[in-house]
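Presented below is the structure to which this report refers.
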Number of protein chains: 2
Amino acid sequence: MASAIGERARAVNPATERGRGRGGLKQERALRTRAQVLGAAAQAFADKGFPAVTMLDVAELTGMTKGAVYFHYPNKEALALAVTEEFYHRIARLGDEVLGLELSPLDAVTELMTRTAVAFRDDLVVQAGARLQIESTLIATDLPRPYVGYTELVTTWLAQAAEIGELPATARPEAIARVLISAFFGAQHISWVLDNRSDIAERVQEILTTVLPTGRSAA
Amino acid sequence: MASAIGERARAVNPATERGRGRGGLKQERALRTRAQVLGAAAQAFADKGFPAVTMLDVAELTGMTKGAVYFHYPNKEALALAVTEEFYHRIARLGDEVLGLELSPLDAVTELMTRTAVAFRDDLVVQAGARLQIESTLIATDLPRPYVGYTELVTTWLAQAAEIGELPATARPEAIARVLISAFFGAQHISWVLDNRSDIAERVQEILTTVLPTGRSAA
């Protein structure tokens, strides 16, 4: 996790491209620290929710001083924004990974949603991002809008599935994509409230089997 | 709304059964006030979310003193609990109303979910309850668990639908009910974040058409 965040920060900071001199090492240390702060913030937001988290909580989780945390992020809103952006980055990366597998369109949808379920269950940054999204009206900064790119990707696959006969020609890809993603979002939330997401993978399989008319396309 | 809350409060308060003397009128006024406070709390919670609401906000919305609000509810947690209970009460009442219509099982499911969508869009107590449920981890009191009774009712109808051939005999009522309710919950939340729930009725129709294999039962 730390390295992924580090790589991302490096990509937007041209200073790190200057080589491995004394300044380069210093930069790397700064990026590592920044990633550590972000990881601690994710843990705090996932556990306690935005309103209850303080900058001191985050500092204590990293073992740094409050000043060190403030050096990287001026306030709690900046931390929430950074965690949310990393959340969307990871969800988008799942899409890229599944695209790379070159599965059939319906298998791709199934694989993406299964991987997303696992991420919601196991990845602290994703859990924090989902919670921050839900708490976004309590956060005095604009967070990215949810689920737009993800819905587009699933819609594209479903349209391809309809084209090649994996779905009935009458299927409406956009509607199915919206329903799948609504159901995913609802299931992960209900599963979180009732059971700390322990059954999320099972719930998502159930959604896929119920919503996708697999096997019906040939009928 | 006020009268519904009043009736409910009366039902649990035997003192109001003592007749219409001077004490009875006083009691009625107290119940009306209590209902007013609850309505104001619903508005505040729906608009600002639990963490941002103060007892003073609620007092100002009713035009009462803070002391008058505290007389009815000792703290913000008590108000949140009362609003959440009223939210569940209203959702349960939708179920009773639809049962009274004696529709076919699948039509009953459709009617209940459509009415629920309208309530989420138009009823401040329902909006507040949904938001409090989402914020429940931020509230230092136990709220009722979500969606359990509602899921049971929908499951019963779907099982009846399978029995009389409105659904394929292979349909799994419990799975379909869970998916429908997850999708409803997700759709109302996404619709709230993106668009203040203006398209919730349309989204719920889409869920019903996509998930319920209507017309396929005969195939």
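Throughout, a chain's letter reflects where its sequence line sits, starting with A, and its residues are numbered from 1. Fair warning: this is a prediction, and the values are worked out from it, not measured in the lab.
- Ranked by non-hydrogen atom pairs under 4.5 Å with chain A, the options B:Val179, B:Ile176, B:Ile181 are led by B:Val179.
- Both tests pass for A:Arg34 against the ring of A:Tyr73: distance under 6.0 Å to the centre and angle within 45° of the axis.
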request  = May I have the step-by-step check of side-chain contact (heavy atoms from CB on, under 4.5 Å) for A:Phe71 and A:Lys66, ending in yes or no?
outcome  = CA-CA 9 Å; A:Phe71 177 77; A:Lys66 231 166 75 166; over 6 Å; no
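- Of all the listed residues (B:Ala187, B:Ser191, B:Ser182), the one sharing the greatest number of non-hydrogen pairs under 4.5 Å with chain A is B:Ser182.
- Classification of the B:Phe120-B:Phe87 ring pair by plane angle, with boundaries at 30° and 60°, yields perpendicular.
- Between B:Pro105 and B:Leu158, every side-chain heavy-atom pair lies at or beyond the 4.5 Å cut-off.
- Most heavy-atom pairs under 4.5 Å with chain A, from the set B:Gln188, B:Arg131, B:Arg172, B:Lys48: that is B:Arg131.
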